[in-house]
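Taking it in order: structure first as structure tokens, then the write-up.
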Amino acid sequence: MAGENKRKTVLRSLRELRGNARTAVFHEPFWSIPYGFYSFYLSLYMKSQGVSDVQIGFLISLNFIIGTITALFAGVMVDKLGRRRTTILFGLISWPGSALLNFFAHSFWMFALAQIVCAFSKISDIGWQLILIEDADDEQRLTSFNMFGIIDILAGFLTPVAGIIVGNLGLVRAERGFLLFGAVCMFIMIVHRHLRFHETDMGRLAVERSRSVSFWGTLKNSLSQMKSAVTSGNRKLSTVLVIVVLFNAYQPIGAYSSLYFAPYLTDVAGLDAAMISVLGIVNSVFMLSVYLFAIPAMSRLNKLFSLTVGLSVQILSMLSRVFLPRGSFTWAVISVALFSVGFGLCRPFLDALMAEATPDAERSGIYALKNVLISLVSALAGSLSGFLYRLSPKSIYLASILLLAVCILFIFRYFHQRQREERAALSGGLR
């Protein structure tokens, strides 16, 4: 059975996709490839334009602060405008808009404006997620999310191309080329995807209902759902929210996609800026291997074991960066490989854990609350990370280790709570 599920997911998934899910998957490469090109060198580009390490921390924080505000209004927008219109409107503002602002940026304040504009993606992302899942069954959702992971990973194989371009044109000219390419490519993709999307049944009903309710009334209903999620007394849900929020707060400072990753490798580890693009292939190879082989095998095991292994391997990756010898490219490869394996093992199981702990009737409010909490905590982490990096670049990876260790503790707490509830339900049934 497991082998059949694996073949079905990997070899026939594209052919099985229908409707909005199929449209979203086929358009994904036209976002992930240009984004992978310009995001990898963005922090080095910022530094070349006079942005300091502390200011990079402020930029990370600013994105999440504005993201907190936009996340509060996301539920209102998708109900008032519909999922489809929300996705194109705020998608065009946030992705091509922020790429163009970064293209023209020559100061910290221009980069700050780009981060503010990019934060509006919190609204388009929710519209996109609802378009994807609302008219799809569980099998279609699983297939599409698996394909997103594989597509985004495969896009990482092209990162060395970016390194070759940087080596030939120089960092600034190459990065501006990546940003312009990204803006054009994303604009065309978002418009074409909009023409192929159809509004979901839930989206049409939400628009009809919201017509008789004012904007502020709709916002009040959305906030009421968030409050209900907080005050429900659901301990398992609260525990999972802590895990998810802390794990997401660690990513802007410690993950492969962090704005500190490239500067750390070049400034602290003394590696060549063009050479480190090869690490994109390393990340892609190991994460793709996890998706294709490890996840199907470990899906039969206890989630506690899988999550604990994934987080522990990421802790090893952070430790390897702390002790990364200067000029050692081999050590950097090992560090990225460890991160890719650990992160690949964690992500799908954390998503499954969140869905498992969330009551169906309250899912929209709880997911909105999750986005708000992630933005708030990530803003704090981003703000502090700039000072930590200036104090000692290695300290951001020590902070990452602490966050991951706390996640492991809460995972054990969650499964203890679940086992206690199952024993209570069993004893109640025996009576």
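All of these numbers come straight from a predicted model, not from anything done at the bench. All values below come from the heavy atoms of this structure, side chains included, with hydrogens, waters and symmetry mates left out.
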Ring centre gap for [X] and [Y] strictly below 6.0 Å:
X      : Y      : result
Tyr397 : Tyr250 : no
Phe339 : Phe343 : yes
Phe178 : Tyr38  : no
Trp331 : Phe323 : no

message = Just by distance, no angles: are the side chains of Tyr256 and Ser340 close enough, under 3.5 Å, to form a donor-acceptor pair?
response =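 Side-chain D/A pair, Tyr256 to Ser340: absent.
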
ask   = In terms of side-chain heavy atoms, does Ser94 have a donor or acceptor partner in Ser121 at a distance below 3.5 Å?
value =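 No - no donor-acceptor pair under 3.5 Å links their side chains.
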
inquiry  = Just so I know, are the side chains of Leu89 and Arg85 near enough to count as touching, which here means a heavy-atom distance under 4.5 Å?
reply    =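 Side chain of Leu89 against side chain of Arg85, heavy atoms only: no contact under 4.5 Å found.
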
request  = Please say whether more than 12 non-hydrogen atoms of neighbouring residues, nucleotides or ligands are located less than 6.0 Å from CE in Met110.
outcome  =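 More than 12 within 6.0 Å, yes.
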
task = Give a yes or no on whether Arg204 atom CZ has more than 12 heavy-atom contacts from other residues, nucleotides or ligands under 6.0 Å away.
result =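 Yes.
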
message = Evaluate Ser385 against Tyr260 for side chain to side chain donor-acceptor pair (under 3.5 Å), listing each step before the verdict.
response = CA-CA 9 Å; Ser385 66; Tyr260 292 113; 2.9 Å; yes

inquiry  = My understanding is that only residues two or more places apart in sequence, or in another chain, count here; which of them pass salt bridge (Lys or Arg N to Asp or Glu O under 4.0 Å) with Arg347?
reply    =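 Partners of Arg347 by the salt bridge (Lys or Arg N to Asp or Glu O under 4.0 Å) criterion, ordered by chain and then number, come out as Asp351.
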
task = Could I get the full list of side-chain hydrogen bond (donor to acceptor under 3.5 Å, both in side chains) partners for Glu134, not counting sequence neighbours?
result =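 Partners of Glu134 by the side-chain hydrogen bond (donor to acceptor under 3.5 Å, both in side chains) criterion, ordered by chain and then number, come out as Arg83, Thr200.
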
